[in-house]
Novice: 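Handing you a structure now.
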Amino acid sequence: MAGRERRVVFGEAVEQYEAARPGYPEALVADVLAFAGPGRPVLEVGAGTGKATTSFAAHGLDLTCLEPDARMADRLAGRFAADPRVSVEVVAFEEWTPARRYGLLFSAQAWHWIDPARSWDLAHAALEPGGSLALFWNAFGVADAALFAALAAVNRRYGTDPSHIPHGAPAESLAGDIEVGGDWPAAQLAGDTRFTDHVNRRYRGRHSYTSAGYLDLLTSISEYRMMPDTARAAALAHVARTIDDHGGTIELAAVTDLFLARTV
C-alpha cells in the first residue's frame with residue numbers, strides 16, 4: 001500500500017464511487033453557467049466518473065475533462081462515448097498544456113488536490129481574459145446527535161480524521177454561512193489582481209443512506225482508501241454496526257459551497 005498517491009486512489013473503488021457519491025445541485029449548475037455566459041469552451045479539472053460533468057454536459061457545452069486516474073477516466077469516457085462535445089484526457093492538471101483557452105474552468109470536489117503552489121497560475125493560464133472560475137465542494141453533517149456521538153467513538157478507535165469523512169461533524173456545524181478564511185479560495189486570492197468579481201454561495205440539501213450504501217460512500221473516500229486493508233475492513237464493519245444499532249439509516253445534512261471569480 002506504500003507509495004500510493006492519495007489523489008489517485010479513487011480508481012480502486014470506481015463502482016462504489018459511482019454508486020454512492022452524491023452529485024451537485026442543479027441550482028448551482030445554473031448559477032455557474034449564468035455567471036460564465038454562453039457559447040464558450042469549458043474545462044473541468046478532476047472530473048472523476050462524471051458526477052458534475054453530467055449536469056454540465058446536459059447543457060450542450062463544448063467540454064474538456066481532465067482526470068489523472070485512468071480507471072476513473074475510463075468510466076467517464078464510456079459515459080460520454082456518444083457525445084462528441086465532451087472529450088476526456090487522462091492527465092493531471094499540473095502536467096497538462098492547454099491547446100486553447102477556456103471561457104469557464106470548473107472543479108467539483110477536486111481543487112484541493114491541485115498543487116497549491118501552482119493552482120492559481122494554472123487556472124489563469126487556462127482561462128480567456130474575462131473567463132470564469134467555479135470551484136465547489138460538498139460537506140456533510142450527521143442529523144442524529146446520538147448516532148453522531150457513537151460514530152465519533154468509532155473514529156477515535158480507528159484514528160480516522162473527522163475532517164475528511166462525511167460523519168465527522170454534526171448537522172448543526174453546517175448551519176451558518178461560508179467561512180471566507182483559511183483555505184477558502186477568496187482568502188487565498190486576496191490581493192491577486194488577476195481574479196476579480198469573487199462570489200461565495202452555499203446550497204443546502206439532505207442525503208439518506210442505508211448502512212450498506214453508506215459503506216459504499218466511505219469506501220470511495222481517500223481517508224479509508226489509504227488505510228491498510230485489514231484496518232479498513234474493521235473500521236467499515238464497525239461503522240455499519242453502529243448505524244444498524246441506530247435504526248439502519250444515516251441521515252446527512254449537506255451543503256455545497258461554491259466559489260466564483262473572473263479573470264482580468
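As a basis for the values below, the full set of heavy atoms in this structure was taken, side chains included, without hydrogen atoms, waters or symmetry mates.
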Novice: Would you call R201-D257 a salt bridge at under 4.0 Å N-O?
Specialist: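 Salt bridge flag = no for D257 with R201.
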
Novice: So, for P129 and R40, which heavy atoms are closest and what is the spacing to 0.1 Å?
Specialist: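 So the two residues come closest at O-NH2, 3.6 Å.
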
Novice: I'd like to check P68 versus F93 (side-chain heavy atoms, cut-off strictly below 4.5 Å). Are they in contact?
Specialist: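 A side-chain contact is absent here, since even the closest heavy-atom pair is not under 4.5 Å.
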
Novice: Please tabulate, for side-chain N and O atoms in residues 131-143, each donor-acceptor pair with protein atoms closer than 3.5 Å (sequence neighbours left out).
Specialist:
{"unit_1": "W137", "atom_1": "NE1", "unit_2": "H112", "atom_2": "ND1", "d": "3.3"}
{"unit_1": "N138", "atom_1": "OD1", "unit_2": "T256", "atom_2": "OG1", "d": "2.5"}
{"unit_1": "N138", "atom_1": "ND2", "unit_2": "G23", "atom_2": "O", "d": "3.4"}

Novice: Hey, what do you get for CZ (R225) to CD (E12), rounding to the nearest 0.5 Å?
Specialist: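 Separation between the atoms: 4.5 Å.
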
Novice: State, with a plain yes or no, whether a side-chain heavy atom of L33 is found less than 4.5 Å away from one of L104.
Specialist: yes

Novice: Would you compute the distance between atom CG of D183 and atom CD of Q188 and round it to the nearest 0.5 angstrom?
Specialist: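 Separation between the atoms: 6.0 Å.
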
Novice: Check the pair S220, Q16 against side chain to side chain donor-acceptor pair (under 3.5 Å), reporting the backbone distance first and the verdict last.
Specialist: CA-CA 6 Å; S220 78; Q16 293 92 338; over 6 Å; no

Novice: Taking all non-hydrogen atoms of both residues into account, name the closest pair between G213 and A20 and its distance.
Specialist: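 So the two residues come closest at O-CB, 3.9 Å.
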
Novice: Would you say the side-chain atoms of D216 and Y209 include a donor-acceptor pair closer than 3.5 Å?
Specialist: no

Novice: Return yes if some donor-acceptor pair links the side-chain N/O of T263 with the main-chain N/O of G130 below 3.5 Å, else return no.
Specialist: yes

Novice: Determine yes or no for a side-chain-to-main-chain donor-acceptor pair under 3.5 angstrom, with R202 supplying the side chain and G176 the backbone.
Specialist: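 Side chain of R202 to backbone of G176: a pair is present.
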
Novice: Donor-acceptor pair, distance only, cut-off 3.5 Å: does the side chain of E67 make one with the backbone of G48?
Specialist: yes

Novice: Indicate the atoms forming the closest heavy-atom contact of L236 with L215, along with that distance.
Specialist: O-CD2, 3.3 Å

Novice: When you measure from the side chain of E179 to the backbone of G181, do you find a donor-acceptor pair of N or O atoms at a distance under 3.5 Å?
Specialist: no

Novice: Taking side chain as C-beta onward, heavy atoms only, is S208 less than 4.5 Å from I250?
Specialist: no

Novice: If you look only at pairs with a residue in residues 153-174, which of them pass as a ring pair (Phe, Tyr, Trp, His ring centres under 6.0 Å), with sequence neighbours excluded?
Specialist: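 For residues 153-174: Y158-H238, H167-Y214.
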
Novice: Between OG of S163 and CD of E223, what distance do you get to the nearest 0.5 Å?
Specialist: 7.5 Å

Novice: Walk me through it: do T242 and L147 pass the test side-chain contact (heavy atoms from CB on, under 4.5 Å)?
Specialist: CA-CA 8 Å; T242 302; L147 177 55; 4.0 Å; yes

Novice: Show the numbers, then the answer: is there a side-chain contact (heavy atoms from CB on, under 4.5 Å) between S55 and Y24?
Specialist: CA-CA 8 Å; S55 295; Y24 301 92; 5.8 Å; no

Novice: Would you name the heavy atoms of P41 and E128 that are closest together and state the gap between them?
Specialist: CD-OE2, 4.1 Å

Novice: side-chain contact (heavy atoms from CB on, under 4.5 Å) with A186: which residues, sequence neighbours excluded?
Specialist: V180, W184, H198, N200, F259

Novice: Does any part of the side chain of T49, heavy atoms only, come nearer than 4.5 Å to the side chain of L76, both counted from C-beta?
Specialist: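 When only atoms from C-beta onward are counted, T49 and L76 do not touch, as no gap falls below 4.5 Å.
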
Novice: Please report the interatomic distance CG(L43) to CG(L127), rounded to the nearest 0.5 Å.
Specialist: 7.5 Å

Novice: Shared ILVMFWY cluster between I114 and L189, side chains joined below 4.5 angstrom?
Specialist: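 Yes, I114 connects to L189 through the hydrophobic network.
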
Novice: Given I221 and R21, is the side-chain contact (heavy atoms from CB on, under 4.5 Å) satisfied, shown in steps?
Specialist: CA-CA 9 Å; I221 290 172; R21 286 284 185 121; 3.7 Å; yes

Novice: Under 3.5 Å, side chain of E44 to main-chain N/O of L105, donor-acceptor pair present?
Specialist: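 No, the answer is negative, given that no donor and acceptor are paired below the 3.5 Å cut-off.
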
Novice: Just by modelled atom types, is the P22 backbone N or O under 3.5 Å from a matching donor or acceptor in the K51 side chain?
Specialist: no

Novice: Quick one: list whatever passes ring-ring contact (aromatic ring centres under 6.0 Å, His included) with F195, sequence neighbours left out.
Specialist: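 Checked F195 against ring-ring contact (aromatic ring centres under 6.0 Å, His included); matches are H124.
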
Novice: Near D161 CG, under 6.0 Å, is it more than 12 heavy atoms from other residues, nucleotides or ligands?
Specialist: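 It does: D161 CG has more than 12 such atoms within range.
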
Novice: So which atom in A235 and which in V154 form the shortest heavy-atom distance, rounded to 0.1 Å?
Specialist: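 Nearest pair, atom of A235 first, then V154: O-CG1, 4.4 Å.
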
Novice: Check step by step if salt bridge (Lys or Arg N to Asp or Glu O under 4.0 Å) holds for D229 and R232.
Specialist: CA-CA 5 Å; D229 291 346; R232 179 172 63 248; 2.8 Å; yes

Novice: Are V255 and L28 connected, step by step, through hydrophobic side chains (Ile, Leu, Val, Met, Phe, Trp, Tyr) whose heavy atoms are closer than 4.5 Å?
Specialist: no

Novice: Does R262 qualify as a cation-pi partner of F35, given the criterion of NZ or CZ under 6.0 Å from the six-membered ring centre and within 45 degrees of its axis?
Specialist: yes

Novice: Please tell me whether Y203 and L174 are part of a single hydrophobic cluster in this structure, the criterion being side-chain heavy atoms less than 4.5 Å apart.
Specialist: no

Novice: In terms of hydrophobic clusters joined by side-chain contacts under 4.5 Å, are M227 and L151 together?
Specialist: yes

Novice: Does any pair with a residue in residues 42-77 pass ring pair (Phe, Tyr, Trp, His ring centres under 6.0 Å), and if so which ones, sequence neighbours excluded?
Specialist: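 Pairs touching residues 42-77 that pass the test: F56-F106.
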
Novice: Can you name the nearest heavy-atom pair linking A126 to P98, along with the distance?
Specialist: CA-CG, 4.4 Å

Novice: What residue pairs, at least two apart or across chains, pass side chain to side chain donor-acceptor pair (under 3.5 Å) with a residue in residues 92-103?
Specialist: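 Every pair satisfying side chain to side chain donor-acceptor pair (under 3.5 Å) with a residue in residues 92-103: R7-E94, D62-R100, T64-Y102, E89-W96.
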
Novice: Determine, stepwise, if the pair W113 / V45 fulfils side-chain contact (heavy atoms from CB on, under 4.5 Å).
Specialist: CA-CA 10 Å; W113 297 118; V45 173; over 6 Å; no

Novice: So, T54 and R79: side-chain donor and acceptor under 3.5 Å apart, yes or no?
Specialist: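 Yes - a donor-acceptor pair under 3.5 Å links their side chains.
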
Novice: Below 4.0 angstrom, N of the basic side chain to O of the carboxylate: do R194 and D121 qualify?
Specialist: yes

Novice: Are the side chains of D245 and I243 in contact, using a 4.5 Å heavy-atom criterion?
Specialist: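 Side-chain contact under 4.5 Å: no.
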
Novice: Tell me whether V91 is reachable from L122 by hopping between hydrophobic residues (I, L, V, M, F, W, Y) whose side-chain heavy atoms are closer than 4.5 Å.
Specialist: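 Yes: a chain of side-chain contacts under 4.5 Å links L122 to V91.
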
Novice: For residues P162 and T160, determine if any side-chain heavy atom of one lies less than 4.5 Å from a side-chain heavy atom of the other.
Specialist: no

Novice: Looking only at atom types and distance, does a side-chain atom of R75 sit under 3.5 Å from a main-chain N or O of V14, one as donor and one as acceptor?
Specialist: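 No; zero donor-acceptor contacts below 3.5 Å.
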
Novice: Hey, what do you get for CG (D74) to CZ (R71), rounding to the nearest 0.5 Å?
Specialist: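 If I round to the nearest 0.5 Å, the distance is 11.0 Å.
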
Novice: Any side-chain heavy atom of V88 sitting closer than 4.5 Å to one from F80?
Specialist: no

